2 protein chains.
Amino acid sequence: MNIGQAAKKTCVPAKTIRYYESIGLIAPASRTASGYRTYDDRDVQTLRFIQRARNLGFSVKQVANLLALWRDRDRSSADVKALAREHLAEIDQRMAELQSMRETLEHLMQRCHGDERPECPILADLAGDEAEAEHKSRRIKDFAG
Amino acid sequence: MNIGQAAKKTCVPAKTIRYYESIGLIAPASRTASGYRTYDDRDVQTLRFIQRARNLGFSVKQVANLLALWRDRDRSSADVKALAREHLAEIDQRMAELQSMRETLEHLMQRCHGDERPECPILADLAGDEAEAEHKSRRIKDFAG
DNA sequence: GATAGGGTTTCCAGTGACTGGAAGGTCAAG
DNA sequence: CTTGACCTTCCAGTCACTGGAAACCCTATC
């Protein structure tokens, strides 16, 4: 099948399939006489694997590792699990950062009247305005990441 | 003060300060006779504002809007709050995505032995292997974003 | 005055993971 | 034979920086 067909079957855009080939995530597709890429069911399966792993938030590099493990019949599930654990830690880290932002932002928003007047604790806090930023204990802190 | 001094005071790397100038987020700095950028306390305050807003996860574009509102004495706090609300929605969306990934990943990990054997439900699920991916109700779903 | 060491300047390139678009070749239908 | 959909390559843009090279400036020490 052509790249468009493969794209439809896998929900991976044709452009992205070409991109994955260009960075070596997938092997170069075979070609017709006129240069069109052709894909078979195994290619589709691989693309679906990639798509699912990407949807779980794995980076392309991590997906490459997962693909290698998938193809390696002598893999140990411990290696797969280690990759997953690493990724889970990244997710947790990102969630913690977002949570921290969320709390600060929501707190500031609660104190902002949101009317036609210019007084705004959100701006006051961003400006580091000690006089206007009342609840100092809740002031924005720097994140490590 | 020089850019290095300003960087130290604001926790914004010199390179990033130049970058912010290049994209127009901050006004071009004044220069010494020999071409060195110089910064005063007002510049430092602006950089700190930017830094805090970035730490809250606002995009550079959003920060530009916040800066404009900050400088506009006739702003309405409603405009600021609207920006914040928009950003909060983005944060919530990203958190929901991460949470969904997290749940799927953790579920898969729980079922993976993580030993020297090759059998691995994580890979089986990514491969879409219906025979080996037991708990179908928990199969990976596509995300909108 | 020479030299060493920092700091600063510009510009170019790379990151990650695509995505958009231009210019052109191919294919099937009518 | 033309139309329109599909395909090809290549270049550029996204976002927010970050790294590095080559050159200039500034101060201190010998």
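Note that this is a predicted model, so its numbers are computed, not measured. Reckoned from all heavy atoms, side chains included, excluding hydrogens, waters and symmetry mates. So you know, we letter chains A, B, ... as the sequences are listed, proteins then strands, and number each from 1.
Contact check, B/Arg37 against C/dT9: a side-chain N or O comes under 4.0 Å of OP1 or OP2. For the OP1/OP2 pair of D/dC25 and a distance below 4.0 Å, the side-chain nitrogens and oxygens of B/Arg31 include no atom meeting the criterion. Taking only side-chain nitrogens and oxygens, A/Thr16 never comes nearer than 4.0 Å to OP1 or OP2 of C/dA17.
Annotation: side chain of A/Arg94 is not in contact with side chain of B/Arg94 (no heavy-atom distance under 4.5 Å).
Following rounding to the nearest Å, A/Ile23 (CD1) and D/dC10 (P) show an atom-to-atom distance of 17 Å. Put simply, CZ on A/Arg94 is 14 Å from P on C/dG16, counting in whole angstrom units. Between B/Phe58 atom CZ and D/dA16 atom P there is a gap of 13 Å when expressed in whole angstrom units. Atom-to-atom, OH of A/Tyr19 to C1' of D/dC10 comes out at 16 Å; the value is rounded to the nearest Å. Note: CG (B/Leu56) to P (D/dA16) measures 15 Å, nearest angstrom. To the nearest angstrom, P of D/dA16 lies 5 Å from CZ of B/Arg54. In this entry the distance linking CD of A/Glu21 with P of C/dC18 reads 15 Å, nearest Å. Between A/Ile17 atom CD1 and D/dT8 atom C1' the separation is 15 Å, expressed in whole Å.
Remark on DNA chain C: of its neighbouring residues B/Arg18 and A/Val60, the 5'-side contact belongs to B/Arg18, judged by nearest-heavy-atom nucleotide. Mapping A/Lys8 and B/Pro13 onto DNA chain D by nearest heavy atom places A/Lys8 at the nucleotide closer to the 5' end. Each of A/Tyr36 and A/Tyr20 was matched to the nucleotide of DNA chain C holding its nearest heavy atom; the match closer to the 5' end belongs to A/Tyr20.
Contact check on B/Asp40 versus B/Arg42 returns no salt bridge, with no Lys/Arg side-chain nitrogen under 4.0 Å from an Asp/Glu carboxylate oxygen.
Using a 4.0 Å heavy-atom criterion, one finds that A/Ile3 contacts the sugar-phosphate atoms exclusively. Backbone-only contact: A/Ser59 has heavy atoms under 4.0 Å from sugar-phosphate atoms and none from a base.
Each of C/dT8, C/dC11, C/dA17 was ranked by its minimum atom distance to the side chain of B/Lys15; first place goes to C/dC11. Here the side chain of B/Ser34 is nearest to one of C/dT19, C/dT9, D/dC26, namely D/dC26.
Judged as a salt bridge (charged side-chain N to carboxylate O under 4.0 Å, His left out), and not counting sequence neighbours, the contacts of A/Arg102 are A/Glu106, B/Asp92.
Judged by distance alone, the side chain of B/Lys9 and the main-chain N or O of B/Val44 form no donor-acceptor pair under 3.5 Å. Without hydrogens or angle criteria, B/Thr38 side chain to B/Met1 main chain gives no donor-acceptor distance under 3.5 Å.
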